[in-house]
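Since this is a predicted model, take the numbers as computed values, not measurements.
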Amino acid sequence: MSSKQSEALTSALTAKSDYTNTARTFTEPITQAIDSGASEEVLEEKLSSSWRVLIDVAAKTEHQAQEPLIEIAKAIQTQGGSGDEKLKSVTIWGSPVKIWDDMPLLGASMRSAWNRAPGSGSKDDFSATEWANLNAFVARLTALSLSIPAFDFSLYAIWTMRSAFEGNESNAAVVDAAKMWFLYAREFIEQSSREGKSFDGPIARAGVKYADKEWKGFCDERLDVWKAA
């Protein structure tokens, strides 16, 4: 973990700070790599390691106290300096992306974090408390995604709810994490259910307890199952 990046985030949690300046400090390794003409591989490493810092700090921050991290994430996504940097296109995984608008590799980093759920067997599993905190953070971001599409992690809501409420067995850590989605993204979840927001393929399929359902995302029937659990 970059100590400078981590310190910038944790300082913002404990003292009033300019979130724009914190965002600039946090993204400095990335902007330096871009300005120096670093290779695609180097830029990918800088992005991935930076998002890992943000994710780990969020997991260690009590969910009630995460608002500064959300403001910093928003400041990162909207930063642009003179205006042209935000629009600068870089190549990530072989495709052009806007470095701040698209928040490249944040999704991939979050997917890696989901592999660290409690009891997953990875060498750095999150604790139950950290898992609830991380789900709260991602739910907070997702609640903003109608205006900031780069923050749409709604699929992660389904994964967490499926683990908590659609299996034959569950555990307290998963249920507590699922509750964070209702606490911080209830309106988004309910709207997505009304609108039938869905995903291609089986990625958002029903859990084993409801294997006969042809769910491919959000729907009112699935939401009723979650609320009744």
CG on Asn21 to CD1 on Ile72, rounded to 0.5 Å:
11.0 Å
With a 4.0 Å cut-off, would you call Arg116 and Glu130 a salt bridge?
no
Which atom pair, heavy atoms only, marks the closest approach of Ala65 to Pro68?
O-CD, 3.3 Å
Would you compute the distance between atom CE of Met103 and atom OG of Ser109 and round it to the nearest 0.5 angstrom?
10.5 Å
Test log, rule side-chain hydrogen bond (donor to acceptor under 3.5 Å, both in side chains), inputs Ser50 and Gln5:
CA-CA 8 Å; Ser50 296; Gln5 288 175 305; 2.8 Å; yes
Would you kindly confirm whether Ile55 and Ile76 end up in one hydrophobic cluster when ILVMFWY residues are joined by side chain heavy atoms under 4.5 Å apart?
yes
Find out whether Ile99 and Thr31 are in side-chain contact, i.e. whether some heavy atom of one side chain is under 4.5 Å from a heavy atom of the other.
no
Going by the rule side chain to side chain contact (heavy atoms under 4.5 Å, CB included), which residues pair with Val175 if we only count those two or more places apart in sequence or in a different chain?
Ala164, Phe165, Ser170, Lys179
Given the rule in the side-chain hydrogen bond (donor to acceptor under 3.5 Å, both in side chains) test, do Gln191 and Glu187 qualify, once you have shown the distances and angles that lead to the verdict?
CA-CA 6 Å; Gln191 179 176 336; Glu187 184 176 347; over 6 Å; no
Is any side-chain heavy atom of His63 closer than 4.5 Å to one of Tyr184?
yes
Tell me, yes or no, whether the heavy-atom count around Gln64 atom CD, taken from other residues, nucleotides or ligands under 6.0 Å, exceeds 12.
yes
Could you check whether any side-chain heavy atom of Phe137 comes within less than 4.5 Å of a side-chain heavy atom of Leu54, counting everything from C-beta outward?
yes
Could you give the distance from CG (Asp220) to OG (Ser192), rounded to the nearest 0.5 Å?
11.0 Å
Tell me if a side-chain donor or acceptor on Thr142 pairs with a main-chain N or O of Phe153 at a distance below 3.5 Å.
yes
Geometric class of the Phe199/Phe218 ring pair [parallel <30°, tilted 30-60°, perpendicular >60°]
tilted
Indicate yes or no for a side-chain donor-acceptor contact from Gln77 to the backbone of Ile148 under 3.5 Å, with no hydrogens or angles considered.
no
With rounding to the nearest 0.5 angstrom, report the CD to OG1 distance, Glu44 to Thr91.
9.5 Å
May I ask you to say whether Glu166 pairs ionically with Arg222, meaning some side-chain N is under 4.0 Å from a carboxylate O?
yes
Ser112 side chain to Ala108 main-chain N or O, any donor-acceptor pair under 3.5 Å?
yes
Of all heavy-atom pairs between Ala173 and Ala128, which one has the smallest distance, and what is that distance?
CB-CB, 3.7 Å
Quick one: do the Gln79 and Thr20 side chains pair a donor with an acceptor below 3.5 Å?
no
Whether the side chain of Ser36 engages the backbone of Ala33 through a donor-acceptor N/O pair (distance < 3.5 Å, no angle test) should be reported.
yes
Step by step, would you call Arg140 with Met180 a side chain to side chain contact (heavy atoms under 4.5 Å, CB included)?
CA-CA 9 Å; Arg140 285 173 176 266; Met180 295 298 103; over 6 Å; no
May I ask whether Phe26 and Leu105 are part of the same hydrophobic cluster, defined by side-chain heavy atoms of I, L, V, M, F, W, Y residues being less than 4.5 angstrom apart, directly or through others?
yes
Does a salt bridge link Asp18 with Arg24, judged by any charged N lying under 4.0 Å from a carboxylate O?
no
Joint cluster assignment, Tyr210 & Val208, ILVMFWY side-chain distance < 4.5 Å
no
Search all heavy atoms of Ala8 against all heavy atoms of Thr25 and return the closest pair with its distance.
CB-CG2, 3.9 Å
May I ask you to say whether Asp56 pairs ionically with Arg52, meaning some side-chain N is under 4.0 Å from a carboxylate O?
yes
Could you walk me through whether Asp125 and Ser120 pass the side-chain hydrogen bond (donor to acceptor under 3.5 Å, both in side chains) test, one step at a time?
CA-CA 7 Å; Asp125 285 1; Ser120 63; 2.8 Å; yes
Does the side chain of Val138 reach to within under 4.5 Å of the side chain of Met110, using non-hydrogen atoms?
yes
Do side-chain atoms of Arg162 reach the backbone of Arg205 as a donor and acceptor pair under 3.5 angstrom?
yes
Is the gap between the ring centers of Trp131 and Trp114 under 6.0 Å?
yes
Under a 4.5 Å side-chain heavy-atom rule over Ile, Leu, Val, Met, Phe, Trp and Tyr, are Phe126 and Trp51 clustered together?
yes
Using 0.5 Å steps for rounding, measure from the OG1 atom of Thr61 to the CG atom of Leu13.
4.5 Å
Short N-O contact, Lys74 and Glu71, less than 4.0 angstrom:
yes
Does one side chain, of Asn135 or Thr160, offer a donor that lies under 3.5 Å from an acceptor on the other?
yes
Under 6.0 Å from the CG atom of Asp200, do we count more than 12 heavy atoms belonging to anything else shown?
no
Is there a donor-acceptor contact under 3.5 Å from the side chain of Gln66 to the main chain of Asn133?
yes
Salt-bridge contact Glu190-Lys227 (side-chain N to carboxylate O under 4.0 Å):
yes
Which atom of Ala23 lies closest to which atom of Ala75, heavy atoms considered:
CB-CB, 3.7 Å
Any non-hydrogen side-chain atom of Ile189 less than 4.5 Å from a side-chain atom of Leu223?
yes
Do the side chains of Ile70 and Leu144 get nearer than 4.5 Å, heavy atoms only?
yes
Is there a side-chain hydrogen bond (donor to acceptor under 3.5 Å, both in side chains) between Trp215 and Glu221? Walk through the geometry before answering.
CA-CA 9 Å; Trp215 295 337; Glu221 182 183 30; 3.1 Å; yes
Is there a side-chain contact between Asp152 and Phe188 (heavy atoms, below 4.5 Å)?
yes
Looking only at atom types and distance, does a side-chain atom of Ser95 sit under 3.5 Å from a main-chain N or O of Ile92, one as donor and one as acceptor?
no
Less than 4.5 Å apart, any side-chain heavy atom of Val53 and any of Ser6?
yes
Do the side chains of Trp226 and Tyr156 join up, straight or via other hydrophobic residues, at under 4.5 Å, putting them in one cluster?
yes
Nearest 0.5 Å please: distance from the CG atom of Leu43 over to the CD atom of Glu40.
8.0 Å
